[in-house]
Amino acid sequence: MEKIIYTLIIGAIGGYLGIKFKVPAGALVGSMLFVAVYNIFTGHGHVPKNFKLIAQIVVGAMLGLNFTKDAILELKNLILPAIVLVIGLTIFSILLGVLIHKFTGLDLTTALFSSAPGGLTDMTLISEEYGAKTHVVAILHLIRLTTVIAIFPIIINFLKENLSF
C-alpha cells in the first residue's frame, strides 16, 4: 500500500508541475516522467492493475462529455470528412506501423499502436491489453504529440497564408 501512495503522490506532483509549466498534456506527461524517474531510481513504483480499468472508465467518461445534442446534429455534415479521415488515417497508420516494424525491429503490435492516430493515454492503455511494450508506445506518442503541438501551428499558418482554394 505504501508503494501505491508514494507512486500516486509523486505522479500528482509531476502532473501539477507539468500543468504549472504549461507542458503539452502537462498532467499526463509530468506524472509519467516523475513516476518513471522514481521507478527507475528506486524500483518501488507501483499502481495496481485494476487502476488501469478505473483510468479507462474516467477517460471514457471524459470523452463522452464531448457529445452534446448540437454535436450529434452536426454529424450529418461530417459523414464524408469522417469517412475520408478514418480510411486515410487507418491505411497510413497501418503502413507506418509495418514500416517501423520492418526497419527498426520493434515488434509489430508495439509498432502498430505507436503509429495509431489515437491519443497518448488511450493508445497506451489499450496497447497493454494486446501485449505491446507500453513504455515504448507512450514515449513514441509523447514525441508525436510534442512535435504536433510545436510544428502543426506553424505549418497550418503557412498553408493558410500560401494556399488558396
Side-chain angles (χ1 to χ4, degrees), residues 3-4 6-42 44-67 71 78 81-82 84-156:
K3 286 182 177 182
I4 298 167
Y6 286 143
T7 301
L8 294 176
I9 289 171
I10 289 167
I13 292 168
Y16 170 78
L17 291 173
I19 293 167
K20 183 170 177 59
F21 290 108
K22 298 182 185 342
V23 173
L28 177 69
V29 173
S31 177
M32 182 175 64
L33 290 177
F34 270 59
V35 170
V37 169
Y38 170 68
N39 195 49
I40 289 165
F41 286 107
T42 69
H44 295 293
H46 179 72
V47 177
K49 294 281 185 195
N50 61 349
F51 275 37
K52 285 184 291 188
L53 179 61
I54 294 167
Q56 288 176 335
I57 291 168
V58 171
V59 169
M62 291 175 60
L63 291 171
L65 291 173
N66 290 311
F67 292 92
L78 298 177
V84 171
L85 186 68
V86 168
I87 292 171
L89 281 176
T90 301
I91 291 169
F92 182 74
S93 295
I94 290 170
L95 291 174
L96 189 59
V98 169
L99 286 173
I100 290 169
H101 165 67
K102 290 287 185 195
F103 289 111
T104 69
L106 193 61
D107 68 275
L108 184 60
T109 304
T110 301
L112 288 168
F113 275 107
S114 296
S115 65
L120 188 154
T121 307
D122 312 323
M123 288 298 102
T124 303
L125 287 170
I126 295 168
S127 72
E128 187 165 19
E129 293 179 26
Y130 288 86
K133 296 176 183 172
T134 55
H135 66 285
V136 173
V137 174
I139 289 168
L140 290 175
H141 273 281
L142 177 61
I143 292 167
R144 176 193 55 84
L145 178 65
T146 305
T147 303
V148 166
I149 290 170
I151 294 175
F152 251 59
I154 297 166
I155 293 170
I156 289 169

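Quick caveat, the model's predicted, so the values are computed rather than measured. Heavy-atom basis, side chains included; hydrogens, waters and symmetry copies ignored.
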### Query
Any side-chain heavy-atom pair from Pro48 and Phe51 closer than 4.5 angstrom?
yes
### Query
How far does NZ of Lys52 sit from OG1 of Thr124, to the nearest 0.5 angstrom?
11.5 Å
### Query
When rounded to the nearest 0.5 angstrom, what distance separates CZ in Phe113 from NZ in Lys133?
15.0 Å
### Task
State, to 0.1 Å, how close Ala132 and Thr109 come at their nearest heavy-atom pair, and which atoms those are.
CB-CG2, 3.8 Å
### Message
Within this structure, what is the CG-CZ distance for the pair Leu65 and Phe67, rounded to the nearest 0.5 Å?
### Response
10.5 Å
#### Entry: Rounded distance [0.5 Å steps], CD1 in Ile100 versus CG in Leu95
11.0 Å
### Validation row: Leu106, Leu140 side chains within 4.5 angstrom (heavy atoms)
yes
### Query
Do Met123 and Arg144 come close enough that some side-chain heavy atom pair is under 4.5 Å?
no
#### Entry: Rounded distance [0.5 Å steps], CD1 in Ile156 versus CD1 in Ile151
12.0 Å
#### Entry: Min side-chain heavy-atom separation Leu112-Tyr130 under 4.5 Å
no
### Task
Locate the shortest heavy-atom distance separating Tyr38 from His44; write the atom from each residue and the value.
OH-CB, 3.6 Å
#### Entry: Shortest non-hydrogen separation from Ser93 to Pro117 and the atoms involved
OG-CD, 3.2 Å
### Summary
Heavy atoms of Ala111 and Gly97 approach each other most closely as CB-O, 3.3 Å
### Summary
When every non-hydrogen atom of Thr7 is compared with those of Gly45, the smallest separation belongs to OG1-CA, 3.3 Å
## Note on the structure
Rounded to the nearest 0.5 angstrom, the OG1-CG distance for Thr121 and Leu28 is 4.0 Å
### Message
If we ignore hydrogens and angles and just use 3.5 Å, is the side chain of Thr134 paired with the main-chain N or O of Glu128 as donor and acceptor?
### Response
no
### Query
Do the non-hydrogen side-chain atoms of Leu142 and Met32 ever get within less than 4.5 Å of each other?
yes
